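Sequence lines set the chain letters: A, B, ... in the order given, protein chains first and strands last, and positions in each chain run from 1. Fair warning: this is a prediction, and the values are worked out from it, not measured in the lab.
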Amino acid sequence: VRWSRFWKLALGGPPWSFFTLLAAVIALRALHASWGLVVLLPLSAFVVGLEVSRWLRRP
Amino acid sequence: MVSGAALAVAVSAFLATIPEAAEAAVIVAAASHEGGLRPAARGAALGVLAVAVLGAALGVPLYRFVPIDVIRALVGIYLFNFGLGWFSKAARRLSRSEAHSARSGTEEVEEREVDESEAAGLAFRGVFVEGVEIVLIVLSLAAGSRRVAAAVAGAALAALLVAAAAATVMGALRRLPEVLVKAAASVAMLSIGTFFAAEAAHLEIPGHELAVLPLALLYVLVLVGAVAAGRLRARSHPLRGTP
(Lines give C-alpha, C1' and ligand atoms only; values in the text may rest on other atoms or scores of the structure.)
Protein backbone atom coordinates (compact mmCIF):
# COMPACT_ATOMS: atom_id res chain seq x y z
CA VAL A 1 0.00 0.00 0.00
CA ARG A 2 2.88 2.36 0.86
CA TRP A 3 4.55 1.78 -2.50
CA SER A 4 1.32 2.34 -4.39
CA ARG A 5 0.85 5.60 -2.46
CA PHE A 6 4.42 6.62 -3.28
CA TRP A 7 3.93 6.01 -7.00
CA LYS A 8 0.62 7.82 -6.94
CA LEU A 9 2.31 10.87 -5.37
CA ALA A 10 5.35 10.72 -7.64
CA LEU A 11 3.42 10.23 -10.88
CA GLY A 12 0.26 12.17 -10.03
CA GLY A 13 -1.95 9.07 -10.35
CA PRO A 14 -1.84 5.42 -11.38
CA PRO A 15 1.54 4.33 -12.84
CA TRP A 16 -0.06 2.36 -15.71
CA SER A 17 -1.73 5.46 -17.21
CA PHE A 18 1.40 7.60 -16.74
CA PHE A 19 3.67 5.11 -18.51
CA THR A 20 1.09 4.33 -21.23
CA LEU A 21 0.92 7.99 -22.21
CA LEU A 22 4.67 8.48 -21.85
CA ALA A 23 5.32 5.50 -24.16
CA ALA A 24 2.81 6.90 -26.66
CA VAL A 25 4.47 10.34 -26.63
CA ILE A 26 7.95 8.79 -27.09
CA ALA A 27 6.74 6.53 -29.92
CA LEU A 28 4.89 9.33 -31.75
CA ARG A 29 7.89 11.62 -31.38
CA ALA A 30 10.24 8.92 -32.71
CA LEU A 31 7.94 8.26 -35.67
CA HIS A 32 7.77 12.00 -36.47
CA ALA A 33 4.04 11.36 -36.68
CA SER A 34 2.49 14.76 -37.32
CA TRP A 35 -0.82 12.86 -37.71
CA GLY A 36 -0.31 11.42 -34.23
CA LEU A 37 -3.24 13.34 -32.74
CA VAL A 38 -5.56 10.68 -34.20
CA VAL A 39 -3.71 8.16 -32.01
CA LEU A 40 -3.11 10.29 -28.92
CA LEU A 41 -6.68 11.54 -28.49
CA PRO A 42 -8.46 8.16 -28.65
CA LEU A 43 -5.71 6.68 -26.47
CA SER A 44 -6.09 9.33 -23.77
CA ALA A 45 -9.90 9.03 -23.90
CA PHE A 46 -9.48 5.24 -23.60
CA VAL A 47 -7.16 5.63 -20.58
CA VAL A 48 -9.72 7.93 -18.93
CA GLY A 49 -12.58 5.53 -19.73
CA LEU A 50 -10.67 2.55 -18.32
CA GLU A 51 -9.79 4.31 -15.06
CA VAL A 52 -13.35 5.63 -14.65
CA SER A 53 -14.83 2.16 -15.22
CA ARG A 54 -12.45 0.80 -12.55
CA TRP A 55 -13.75 3.46 -10.12
CA LEU A 56 -17.37 2.77 -11.03
CA ARG A 57 -16.90 -0.96 -10.33
CA ARG A 58 -15.39 -0.32 -6.87
CA PRO A 59 -17.59 -1.59 -4.06
CA MET B 1 13.62 53.80 -18.11
CA VAL B 2 12.10 50.56 -19.40
CA SER B 3 13.08 49.71 -22.96
CA GLY B 4 10.57 48.53 -25.54
CA ALA B 5 12.22 45.10 -25.75
CA ALA B 6 12.05 44.61 -21.97
CA LEU B 7 8.39 45.66 -21.97
CA ALA B 8 7.65 43.17 -24.77
CA VAL B 9 9.32 40.36 -22.77
CA ALA B 10 7.41 41.33 -19.61
CA VAL B 11 4.08 41.41 -21.48
CA SER B 12 4.81 38.02 -23.11
CA ALA B 13 5.68 36.48 -19.73
CA PHE B 14 2.56 38.06 -18.20
CA LEU B 15 0.23 36.68 -20.89
CA ALA B 16 1.84 33.22 -20.93
CA THR B 17 1.70 32.93 -17.12
CA ILE B 18 -2.00 33.80 -16.72
CA PRO B 19 -3.42 30.43 -17.92
CA GLU B 20 -0.88 28.44 -15.84
CA ALA B 21 -1.59 30.50 -12.71
CA ALA B 22 -5.35 30.23 -13.30
CA GLU B 23 -5.01 26.46 -13.59
CA ALA B 24 -3.11 26.36 -10.27
CA ALA B 25 -5.84 28.51 -8.67
CA VAL B 26 -8.57 26.09 -9.85
CA ILE B 27 -6.62 23.15 -8.37
CA VAL B 28 -6.25 24.99 -5.04
CA ALA B 29 -9.99 25.78 -5.04
CA ALA B 30 -10.81 22.12 -5.64
CA ALA B 31 -8.30 21.04 -2.96
CA SER B 32 -9.91 23.43 -0.47
CA HIS B 33 -13.16 21.52 -0.98
CA GLU B 34 -11.33 18.34 -0.05
CA GLY B 35 -10.13 19.42 3.40
CA GLY B 36 -10.73 23.12 3.97
CA LEU B 37 -9.30 26.44 2.86
CA ARG B 38 -6.52 26.62 5.47
CA PRO B 39 -4.72 23.36 4.54
CA ALA B 40 -5.12 24.13 0.84
CA ALA B 41 -3.65 27.62 1.32
CA ARG B 42 -0.77 26.11 3.34
CA GLY B 43 -0.09 23.59 0.56
CA ALA B 44 -0.26 26.34 -2.08
CA ALA B 45 2.15 28.56 -0.13
CA LEU B 46 4.61 25.65 0.23
CA GLY B 47 4.23 24.99 -3.52
CA VAL B 48 5.12 28.62 -4.32
CA LEU B 49 8.14 28.39 -2.00
CA ALA B 50 9.30 25.10 -3.57
CA VAL B 51 8.97 26.55 -7.09
CA ALA B 52 10.88 29.70 -6.07
CA VAL B 53 13.72 27.60 -4.60
CA LEU B 54 13.72 25.25 -7.61
CA GLY B 55 13.66 28.15 -10.06
CA ALA B 56 16.49 30.00 -8.30
CA ALA B 57 18.71 26.95 -7.69
CA LEU B 58 18.04 24.66 -10.63
CA GLY B 59 16.15 26.77 -13.17
CA VAL B 60 19.05 27.60 -15.44
CA PRO B 61 20.70 24.11 -15.43
CA LEU B 62 17.24 22.57 -15.92
CA TYR B 63 16.60 24.78 -18.93
CA ARG B 64 20.11 24.31 -20.35
CA PHE B 65 20.56 20.56 -19.93
CA VAL B 66 17.07 19.05 -20.03
CA PRO B 67 15.24 19.40 -23.36
CA ILE B 68 12.08 21.47 -23.04
CA ASP B 69 10.05 18.68 -24.68
CA VAL B 70 11.07 16.22 -21.96
CA ILE B 71 9.93 18.61 -19.22
CA ARG B 72 6.76 19.45 -21.13
CA ALA B 73 5.93 15.75 -21.62
CA LEU B 74 6.53 14.96 -17.93
CA VAL B 75 4.56 17.98 -16.69
CA GLY B 76 1.73 17.29 -19.17
CA ILE B 77 1.41 13.61 -18.36
CA TYR B 78 1.67 14.36 -14.62
CA LEU B 79 -1.18 16.88 -14.94
CA PHE B 80 -3.22 14.38 -16.97
CA ASN B 81 -2.66 11.68 -14.35
CA PHE B 82 -3.43 14.11 -11.51
CA GLY B 83 -6.71 15.10 -13.20
CA LEU B 84 -7.56 11.44 -13.88
CA GLY B 85 -8.09 10.69 -10.19
CA TRP B 86 -10.43 13.62 -9.61
CA PHE B 87 -12.23 12.92 -12.89
CA SER B 88 -12.90 9.30 -11.87
CA LYS B 89 -14.04 10.32 -8.38
CA ALA B 90 -16.32 13.00 -9.86
CA ALA B 91 -17.84 10.50 -12.32
CA ARG B 92 -18.43 8.04 -9.47
CA ARG B 93 -19.98 10.63 -7.17
CA LEU B 94 -22.17 12.14 -9.89
CA SER B 95 -23.45 8.71 -10.88
CA ARG B 96 -24.22 7.82 -7.25
CA SER B 97 -25.09 11.24 -5.87
CA GLU B 98 -28.08 9.99 -3.88
CA ALA B 99 -26.12 7.21 -2.18
CA HIS B 100 -23.22 9.61 -1.44
CA SER B 101 -25.43 12.16 0.27
CA ALA B 102 -26.82 9.37 2.50
CA ARG B 103 -23.46 8.75 4.24
CA SER B 104 -23.46 8.88 8.02
CA GLY B 105 -22.09 11.84 9.99
CA THR B 106 -19.25 9.69 11.44
CA GLU B 107 -18.09 8.78 7.95
CA GLU B 108 -18.02 12.47 7.00
CA VAL B 109 -15.93 13.38 10.09
CA GLU B 110 -13.47 10.51 9.53
CA GLU B 111 -13.09 11.47 5.88
CA ARG B 112 -12.50 15.12 6.82
CA GLU B 113 -9.62 14.25 9.18
CA VAL B 114 -7.86 12.26 6.45
CA ASP B 115 -8.64 14.93 3.88
CA GLU B 116 -6.83 17.84 5.59
CA SER B 117 -3.35 16.55 4.77
CA GLU B 118 -4.63 15.35 1.40
CA ALA B 119 -5.88 18.87 0.57
CA ALA B 120 -2.52 20.42 1.47
CA GLY B 121 -0.74 17.79 -0.65
CA LEU B 122 -3.05 18.32 -3.63
CA ALA B 123 -2.69 22.11 -3.50
CA PHE B 124 1.10 21.75 -3.17
CA ARG B 125 1.36 19.42 -6.17
CA GLY B 126 -0.95 21.57 -8.31
CA VAL B 127 0.93 24.79 -7.57
CA PHE B 128 4.32 23.08 -7.94
CA VAL B 129 3.58 21.49 -11.34
CA GLU B 130 2.06 24.68 -12.74
CA GLY B 131 4.90 26.67 -11.17
CA VAL B 132 7.49 24.56 -13.00
CA GLU B 133 5.72 25.48 -16.26
CA ILE B 134 5.88 29.17 -15.31
CA VAL B 135 9.61 28.85 -14.49
CA LEU B 136 10.15 27.33 -17.95
CA ILE B 137 8.19 30.15 -19.62
CA VAL B 138 10.29 32.73 -17.80
CA LEU B 139 13.53 30.94 -18.66
CA SER B 140 12.66 30.50 -22.33
CA LEU B 141 11.75 34.19 -22.67
CA ALA B 142 14.81 35.25 -20.69
CA ALA B 143 17.13 33.02 -22.72
CA GLY B 144 15.80 34.38 -26.01
CA SER B 145 16.10 38.03 -25.00
CA ARG B 146 18.59 38.07 -22.06
CA ARG B 147 16.05 40.09 -20.06
CA VAL B 148 15.59 37.93 -17.00
CA ALA B 149 14.27 40.69 -14.73
CA ALA B 150 11.56 41.71 -17.20
CA ALA B 151 10.42 38.09 -17.70
CA VAL B 152 10.36 37.45 -13.92
CA ALA B 153 8.47 40.72 -13.31
CA GLY B 154 5.83 39.92 -15.97
CA ALA B 155 5.29 36.39 -14.65
CA ALA B 156 5.21 37.52 -11.00
CA LEU B 157 2.66 40.24 -11.76
CA ALA B 158 0.42 37.73 -13.58
CA ALA B 159 0.70 35.21 -10.72
CA LEU B 160 -0.13 37.92 -8.14
CA LEU B 161 -3.13 39.17 -10.13
CA VAL B 162 -4.51 35.65 -10.57
CA ALA B 163 -3.93 34.90 -6.85
CA ALA B 164 -5.79 38.11 -5.91
CA ALA B 165 -8.65 37.31 -8.30
CA ALA B 166 -8.81 33.72 -7.00
CA ALA B 167 -8.88 34.94 -3.37
CA THR B 168 -11.80 37.25 -4.27
CA VAL B 169 -13.90 34.53 -5.90
CA MET B 170 -12.78 31.68 -3.62
CA GLY B 171 -15.80 32.16 -1.33
CA ALA B 172 -18.18 31.80 -4.25
CA LEU B 173 -16.24 28.82 -5.61
CA ARG B 174 -16.39 27.11 -2.22
CA ARG B 175 -20.16 27.48 -2.18
CA LEU B 176 -20.40 25.42 -5.38
CA PRO B 177 -20.82 21.67 -4.90
CA GLU B 178 -17.44 19.98 -4.37
CA VAL B 179 -18.07 17.44 -7.07
CA LEU B 180 -18.68 20.14 -9.71
CA VAL B 181 -15.50 22.08 -8.82
CA LYS B 182 -13.48 18.85 -8.95
CA ALA B 183 -15.07 17.81 -12.23
CA ALA B 184 -14.23 21.22 -13.78
CA ALA B 185 -10.66 21.17 -12.42
CA SER B 186 -10.11 17.62 -13.65
CA VAL B 187 -11.44 18.42 -17.15
CA ALA B 188 -9.03 21.39 -17.28
CA MET B 189 -6.09 19.24 -16.10
CA LEU B 190 -6.87 16.44 -18.56
CA SER B 191 -7.18 18.80 -21.53
CA ILE B 192 -4.06 20.85 -20.71
CA GLY B 193 -2.14 17.64 -19.95
CA THR B 194 -3.15 16.15 -23.32
CA PHE B 195 -2.19 19.40 -25.08
CA PHE B 196 1.29 19.42 -23.47
CA ALA B 197 1.79 15.74 -24.32
CA ALA B 198 0.82 16.44 -27.96
CA GLU B 199 3.18 19.43 -28.08
CA ALA B 200 6.02 17.36 -26.61
CA ALA B 201 5.44 14.69 -29.28
CA HIS B 202 5.61 17.42 -31.97
CA LEU B 203 2.14 16.64 -33.28
CA GLU B 204 0.26 18.98 -35.56
CA ILE B 205 -2.33 20.66 -33.31
CA PRO B 206 -5.01 22.61 -35.19
CA GLY B 207 -5.70 25.93 -33.48
CA HIS B 208 -2.58 25.64 -31.27
CA GLU B 209 -3.38 26.80 -27.68
CA LEU B 210 -7.09 27.13 -28.57
CA ALA B 211 -7.15 23.34 -29.07
CA VAL B 212 -7.51 23.09 -25.28
CA LEU B 213 -11.19 24.08 -25.67
CA PRO B 214 -12.27 21.19 -27.98
CA LEU B 215 -10.17 18.89 -25.79
CA ALA B 216 -12.12 20.06 -22.74
CA LEU B 217 -15.35 19.39 -24.64
CA LEU B 218 -14.13 15.86 -25.43
CA TYR B 219 -13.50 15.15 -21.74
CA VAL B 220 -16.85 16.68 -20.72
CA LEU B 221 -18.50 14.24 -23.16
CA VAL B 222 -16.49 11.35 -21.67
CA LEU B 223 -17.65 12.48 -18.18
CA VAL B 224 -21.31 12.63 -19.27
CA GLY B 225 -20.99 9.15 -20.82
CA ALA B 226 -19.29 7.77 -17.68
CA VAL B 227 -21.97 9.22 -15.39
CA ALA B 228 -24.73 7.76 -17.58
CA ALA B 229 -22.99 4.36 -17.59
CA GLY B 230 -22.50 4.54 -13.81
CA ARG B 231 -26.18 5.34 -13.23
CA LEU B 232 -27.26 2.46 -15.47
CA ARG B 233 -24.91 0.15 -13.61
CA ALA B 234 -26.12 1.33 -10.20
CA ARG B 235 -29.70 0.72 -11.34
CA SER B 236 -28.99 -2.80 -12.59
CA HIS B 237 -26.77 -3.74 -9.56
CA PRO B 238 -28.15 -1.58 -6.72
CA LEU B 239 -26.29 -3.42 -3.90
CA ARG B 240 -22.85 -3.47 -5.53
CA GLY B 241 -22.81 0.27 -6.18
CA THR B 242 -23.53 1.52 -2.66
CA PRO B 243 -20.44 3.06 -0.97
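- With a 4.5 Å cut-off on non-hydrogen atoms, A/Ala10 touches chain B through its backbone but not through its side chain.
- Heavy-atom minimum distance, B/Leu203 versus A/Ala33: CD2-O, 2.9 Å.
- Pairing each heavy atom of A/Leu56 with each of B/Ser95, the nearest pair is CD2-OG, 3.5 Å.
- For a residue to count as touching a neighbouring chain, one of its non-hydrogen atoms must lie under 4.5 Å from one of that chain's; by this rule B/Ala198 touches chain A with backbone and side chain alike.
- Note that the NZ atom of B/Lys89 and the CD atom of A/Glu51 stand 11.0 Å from one another [nearest 0.5 Å].
- Counting non-hydrogen atoms of other residues, nucleotides and ligands closer than 6.0 Å to CZ of A/Arg54 gives a total above 12.
- Contact of B/Leu221 with chain A is not made at all, since no heavy-atom distance falls under 4.5 Å.
- Contact of B/Leu122 with chain A is not made at all, since no heavy-atom distance falls under 4.5 Å.
- Separation of atoms CG (A/Leu11) and CD1 (B/Ile77) is listed at 10.0 Å; rounding is to 0.5 Å.
- In this structure, CH2 on A/Trp55 lies 10.0 Å from CG on B/Leu84, to the nearest 0.5 angstrom.
- More than 12 heavy atoms of other shown residues, nucleotides or ligands fall within 6.0 angstrom of atom CZ in A/Phe19.
- Although no hydrogens or angles enter the test, the distance criterion places no donor-acceptor pair under 3.5 Å between the side chain of B/Asn81 and the main chain of A/Pro15.
- Annotation: side chain of A/Phe18 is in contact with side chain of B/Leu74 (closest heavy-atom distance under 4.5 Å).
- Here the side chains of B/Pro206 and A/Leu37 are in contact, with some heavy-atom distance below 4.5 Å.
- At a threshold of 4.5 Å between non-hydrogen side-chain atoms, the residues A/Leu21 and B/Thr194 do not count as touching.
- Using a 4.5 Å heavy-atom cutoff, the side chains of A/Val48 and B/Phe80 are in contact.
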